[in-house]
Q: 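Below are the structure tokens for one structure; questions will follow.
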There are 2 protein chains.
Amino acid sequence: MAQTLRVSRSDSRLPQILDEAARLFREKGYAATSMRDIAAAVDMLPGSLYYHFAAKEDLLVAVYEEGVRLISEKVRAAISRHEEPWQKLEAAAVAHLEALLKTGDYALVVIRVLPQDVPKAAARLVKLRDSYDRLFAELVAALPLPPETDRQSFRLLLLGALNWSQHWFRESGRNSPRSIARSFLRLLREEQKT
Amino acid sequence: MAQTLRVSRSDSRLPQILDEAARLFREKGYAATSMRDIAAAVDMLPGSLYYHFAAKEDLLVAVYEEGVRLISEKVRAAISRHEEPWQKLEAAAVAHLEALLKTGDYALVVIRVLPQDVPKAAARLVKLRDSYDRLFAELVAALPLPPETDRQSFRLLLLGALNWSQHWFRESGRNSPRSIARSFLRLLREEQKT
DNA sequence: TTATAAAGCAAACAGTCGTTTGTTTTATTT
DNA sequence: AAATAAAACAAACGACTGTTTGCTTTATAA
């Protein structure tokens, strides 16, 4: 008999649901993505999604959590490979951008879907975002900068530019997440070398 | 018989419709704002909006156009008050941020609502955005930078950071659009002074 | 083999969506 | 005062929204 290969049932199709939800939330935004869209993408009936998630917002929160987890993990790993503060920051910037522009969907949802777009889940989303922001704050705090430097502005400048790149980035021969992150950091770092 | 230029009634409540649409699109996003929301805000019936606009997308495009017009105007005026390239750029950055964070609704819609969120109008929205981006490209081109400097990255870094500020900015005593724009530019400019 | 619980189906719920249509009000022009 | 055109009303259209309910299938454990 053709016993269809069956993995244990426990995590059945939940990962697939999250994948497609992430893809659709990223592509069309939260409000413009319907539960029916997601159901169709995983070849299910709309109501069946509610076995896995109590509400649409909870599905978004789950994607958000995975997004933050993925990107944090990548950045932490990159940081740990260096000792010098500027190198740590550069590695973090590269990892951040690669997670955003290559890993794709999950991470992009985090910076594309605004907490205010989902009032009922806004608090949870903000909390997840903040936990990540702290990572970069620590890196910037460790930089050997002139005493009059505004470190908060420094962080906001860098992270803002990195996040905004989603709007214009197109992969190409000389354009990679890595090269962009490095270009940005070079523009910010040069003053320190003198 | 005087060709009476009929200002009288012609654009009666159209400005009000645009104002409220801009406010709602900024607050809740495009997809989450319904024509009924807008109609209620201007104390009209939903169907009446269709006397002024053939479709919801056209209403967005109108807001977009006004947003680009407002911010371009402000930035151009600021630029014209200076001669030195760095001062021109700083004035432009300040004006850009003030238009975004103080003028409010219209300009914010332009950087908050993504063209891809409105497929039918995407081409028109991109065109409007690009017309503005060119303004900054010219300013950066005029800067006296070391020959090896990547001017495209410079522009993307600055403009990205400025646009992203919508996500964290809160008006306060020591925090103003002007002070932020200046902080950013100082971080980018310092290397040139040495 | 039978019991059990996970997972999904089928169908509908009440409400909202963008939009259209025919009619009425309102202000201006003749 | 009558004619005209702008502007808004009133009511509905079909499609789509998130979600609920009861029932059936399916894989695992006893």
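Since we're looking at a predicted model, the values are computed, not measured. All chains are named by letter (A, B, ...) in the order of the sequence lines, taking the proteins before the strands, and each is independently numbered beginning at 1.
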Q: Reckon A/S12 has a side-chain N or O less than 4.0 Å from the OP1 or OP2 of C/dA7?
A: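 Answer is yes, contact under 4.0 Å.
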Q: Pair B/T149, A/L187 - check side-chain contact (heavy atoms from CB on, under 4.5 Å), show working.
A: CA-CA 8 Å; B/T149 309; A/L187 289 167; 3.8 Å; yes
Q: For A/E90, run the salt bridge (charged side-chain N to carboxylate O under 4.0 Å, His left out) check against A/R182, A/R81, A/R186 and tell me which one passes.
A: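 Result for salt bridge (charged side-chain N to carboxylate O under 4.0 Å, His left out) with A/E90: A/R182.
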Q: Among the nucleotides C/dT19, C/dC9, D/dC9, which one has an atom lying closest to any side-chain atom of A/L45?
A: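 The answer is C/dC9.
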Q: Aromatic rings A/F25 and A/Y30: how do their planes relate, parallel, tilted or perpendicular, breaks at 30° and 60°?
A: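 Plane angle between 30° and 60°, so tilted.
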Q: Nearest nucleotide by nearest heavy atom, which residue falls closer to the 5' end of DNA chain D, A/A54 or A/D37?
A: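 That would be A/D37.
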Q: Does C/dG8 have OP1 or OP2 sitting under 4.0 Å from an N or O in the side chain of A/R13?
A: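 For C/dG8, OP1 or OP2 has a side-chain N or O of A/R13 closer than 4.0 Å.
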Q: From NZ of B/K28 over to P of C/dT16, roughly how many Å is that when rounded to an integer?
A: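 Atom-to-atom, B/K28 to C/dT16, this comes out as 12 Å.
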Q: Side-chain N or O of A/H52 less than 4.0 angstrom from OP1 or OP2 on C/dA6?
A: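 Indeed not, no polar side-chain atom of A/H52 lies that close.
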Q: Using only heavy-atom distances, determine whether the side chains of B/N163 and A/H167 contain a donor-acceptor pair under 3.5 Å.
A: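 B/N163 vs A/H167: no donor-acceptor pair found between side chains.
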Q: Got a salt bridge between B/E83 and B/K88, using NZ or NE/NH1/NH2 to carboxylate O under 4.0 Å?
A: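 Salt bridge between B/E83 and B/K88, a charged N being under 4.0 Å from a carboxylate O: no.
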Q: Verify the contact: side-chain N or O of A/S34 to OP1 or OP2 of D/dC16, cut-off strictly under 4.0 Å; return yes or no.
A: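 No, A/S34 has no side-chain N/O under 4.0 Å of OP1/OP2 on D/dC16.
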Q: Rounded to whole Å, please give me the gap between NZ in B/K56 and P in C/dC17.
A: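 Result: 9 Å.
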Q: Under a 3.5 Å cutoff, is there a donor and acceptor pairing between the side chains of A/R69 and A/Y106?
A: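 No donor-acceptor contact under 3.5 Å links the two side chains.
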Q: Would you kindly give the CD-to-C1' distance between A/Q16 and C/dA7, to the nearest whole Å?
A: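 My rounded result for the distance is 13 Å.
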Q: Hey, which of A/R112, A/R23, A/R26 is the one that makes salt bridge (charged side-chain N to carboxylate O under 4.0 Å, His left out) with A/D105?
A: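 Between A/D105 and the candidates, salt bridge (charged side-chain N to carboxylate O under 4.0 Å, His left out) is satisfied uniquely by A/R26.
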Q: Output the single nucleotide from D/dC9, C/dG8, D/dT19 whose closest atom is nearest the side chain of A/M44.
A: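 Of the options given, the side chain of A/M44 lies nearest C/dG8.
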Q: Using rotation axes that map the C1' atoms of four end pairs onto the next four (five pairs an end), what angle separates the end axes of the helix from C/dT1-D/dA30 to C/dT30-D/dA1, to 10°?
A: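 Terminal axis comparison yields 0°.
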Q: For D/dC9 and B/S48 - does any side-chain N or O of the residue sit under 4.0 Å from the phosphate oxygens OP1/OP2?
A: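 Result: yes.
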Q: Going by modelled atom types, is there a donor-acceptor pair between the base of C/dG18 and the side chain of B/R36 at under 3.5 Å?
A: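 Looking at the base of C/dG18, it does pair with a donor or acceptor on the side chain of B/R36 (distance under 3.5 Å).
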Q: Please determine whether a side-chain nitrogen or oxygen atom of B/Y51 lies at a distance below 4.0 Å from atom OP1 or OP2 of D/dA8.
A: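 Checking D/dA8 against B/Y51, no side-chain N or O comes under 4.0 Å of OP1 or OP2.
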